[in-house]
*Asks:* 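Input: one structure, supplied below.
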Amino acid sequence: MSVFHAYLAKSSDSYSHERLAAEISTYFAFETKNGLSIGTSANPFTHEKYEILRWPGWRFSAHFEAGPNVEADANHIANIVRDCPPEIKERTERLRFVFSPDETREYTNHIIWAVDFLLAIPDAIVFDESEVCIVGLRK
């Protein structure tokens, strides 16, 4: 399993679960011919909605998150990642993509497309949880 976070700048257009759902559906529409189905689920404890993108044999989830837990994670990242942009500490919203394992590397392109989606967000700071590094800072 791998996880990527995109910490959103306050100046970014307002994000929500609904916006994420619409954008991710549009972005991956070309994959429906390859068996992609997109659905909405909810965390059983917090009831927060998230999107699940499923292909035969593989999937990932896309979450919009906001609040003190996001801020705490951003502060933690600022403390552990060398050369982390200091403005990450001001971020209180993020998109979080959680990828299921892909031992056969059949879905490597899908992961790249999803990370490219995050990198295309203006001023987003993208963090790779597995490698404990910042992937990109877009301006």
*Asks:* With sequence neighbours left out, write down each residue that passes side-chain contact (heavy atoms from CB on, under 4.5 Å) with Glu106, or none if nothing qualifies.
*Replies:* Asp102, Thr104
*Asks:* Examine Val98 and Ile38 and state if one hydrophobic cluster contains both, with Ile, Leu, Val, Met, Phe, Trp and Tyr joined whenever side-chain heavy atoms are less than 4.5 Å apart.
*Replies:* no
*Asks:* Establish whether Leu53 and Phe30 are linked, either directly or via other cluster members, by ILVMFWY side-chain heavy-atom contacts under 4.5 Å.
*Replies:* yes
*Asks:* I want to check something: taking the side chain as every heavy atom from C-beta on, are Phe117 and Phe97 in contact at a cut-off of under 4.5 Å?
*Replies:* yes
*Asks:* In chain order, what residues pass the ring-ring contact (aromatic ring centres under 6.0 Å, His included) check against Phe127, with sequence neighbours excluded?
*Replies:* His5
*Asks:* Please enumerate all residues that pass side chain to side chain donor-acceptor pair (under 3.5 Å) together with Glu71, with sequence neighbours excluded.
*Replies:* none
*Asks:* Could you tell me which non-hydrogen atom of Phe28 sits nearest to which non-hydrogen atom of Leu36, and how far apart they are?
*Replies:* O-CD2, 3.3 Å
*Asks:* Please name all residues satisfying side chain to side chain donor-acceptor pair (under 3.5 Å) with Ser2, sequence neighbours left out, ordered by chain then number.
*Replies:* none
*Asks:* Determine whether Tyr15 and Phe4 fall in the same hydrophobic cluster, where Ile, Leu, Val, Met, Phe, Trp and Tyr are linked whenever their side-chain heavy atoms lie under 4.5 Å apart.
*Replies:* yes
*Asks:* I'd like to know if the side chain of Ser100 reaches the main chain of Trp58, judged simply by a donor and an acceptor atom lying under 3.5 Å from each other, with no hydrogens or angles considered.
*Replies:* no
*Asks:* What's the shortest heavy-atom distance between Arg91 and Ala9, and which atoms?
*Replies:* NH1-N, 3.3 Å
*Asks:* Tell me who clusters with Tyr50, hydrophobic residues only, linked when side chains sit under 4.5 Å apart either directly or through other members.
*Replies:* Ile52
*Asks:* Answer with yes or no whether the hydrophobic clustering places Ile121 together with Leu20; edges join I, L, V, M, F, W, Y residues whose side-chain heavy atoms lie under 4.5 Å apart.
*Replies:* yes
*Asks:* Just wondering, do Glu87 and Asp123 contact through their side chains at under 4.5 Å, heavy atoms?
*Replies:* no
*Asks:* Excluding sequence neighbours, so at least two apart, what forms side-chain contact (heavy atoms from CB on, under 4.5 Å) with Ser37?
*Replies:* Arg54
*Asks:* So, for Gly35 and Pro56, which heavy atoms are closest and what is the spacing to 0.1 Å?
*Replies:* O-CD, 3.8 Å
*Asks:* Just how far is it from atom OG of Ser130 to atom CE of Met1, taken to the nearest 0.5 Å?
*Replies:* 7.5 Å
*Asks:* Sequence neighbours excluded, which residues qualify as side chain to side chain donor-acceptor pair (under 3.5 Å) partners of Ser25?
*Replies:* none
*Asks:* What's the shortest heavy-atom distance between Ser61 and His63, and which atoms?
*Replies:* OG-NE2, 2.9 Å
*Asks:* State, yes or no, whether a side-chain contact exists between Asp73 and Val70 at a heavy-atom distance under 4.5 Å.
*Replies:* no
*Asks:* Supply the atom-to-atom distance His17 NE2 to Leu95 CG, rounded to the nearest 0.5 angstrom.
*Replies:* 11.0 Å
*Asks:* For Ala66, enumerate each residue passing the side-chain contact (heavy atoms from CB on, under 4.5 Å) test, keeping only those at least two apart in sequence or located in another chain.
*Replies:* Phe64, Glu93
*Asks:* Determine the sole option in Leu118, Ile77, Val126 for which the side chain to side chain contact (heavy atoms under 4.5 Å, CB included) test with Tyr7 is passed.
*Replies:* Ile77
*Asks:* Give every residue pair that meets the side-chain hydrogen bond (donor to acceptor under 3.5 Å, both in side chains) criterion with at least one member in residues 26-36, sequence neighbours excluded.
*Replies:* Glu31-Asn34, Glu31-Trp55, Glu31-His110
*Asks:* Does Glu65 have any salt bridge (Lys or Arg N to Asp or Glu O under 4.0 Å) partners at least two apart in sequence or in another chain, and if so, which?
*Replies:* Arg94, Arg96
*Asks:* Would you indicate whether the side-chain heavy atoms of Ile134 and Asp83 approach each other to under 4.5 Å?
*Replies:* no
*Asks:* Any donor and acceptor pair, going by atom type alone, linking the side chain of Lys10 with main-chain N or O of Glu90 inside 3.5 Å?
*Replies:* yes
*Asks:* I want to check something: taking the side chain as every heavy atom from C-beta on, are Ile88 and Val81 in contact at a cut-off of under 4.5 Å?
*Replies:* no
*Asks:* With sequence neighbours excluded, tell me which residues meet side-chain contact (heavy atoms from CB on, under 4.5 Å) with Asn109.
*Replies:* Ile112, Trp113
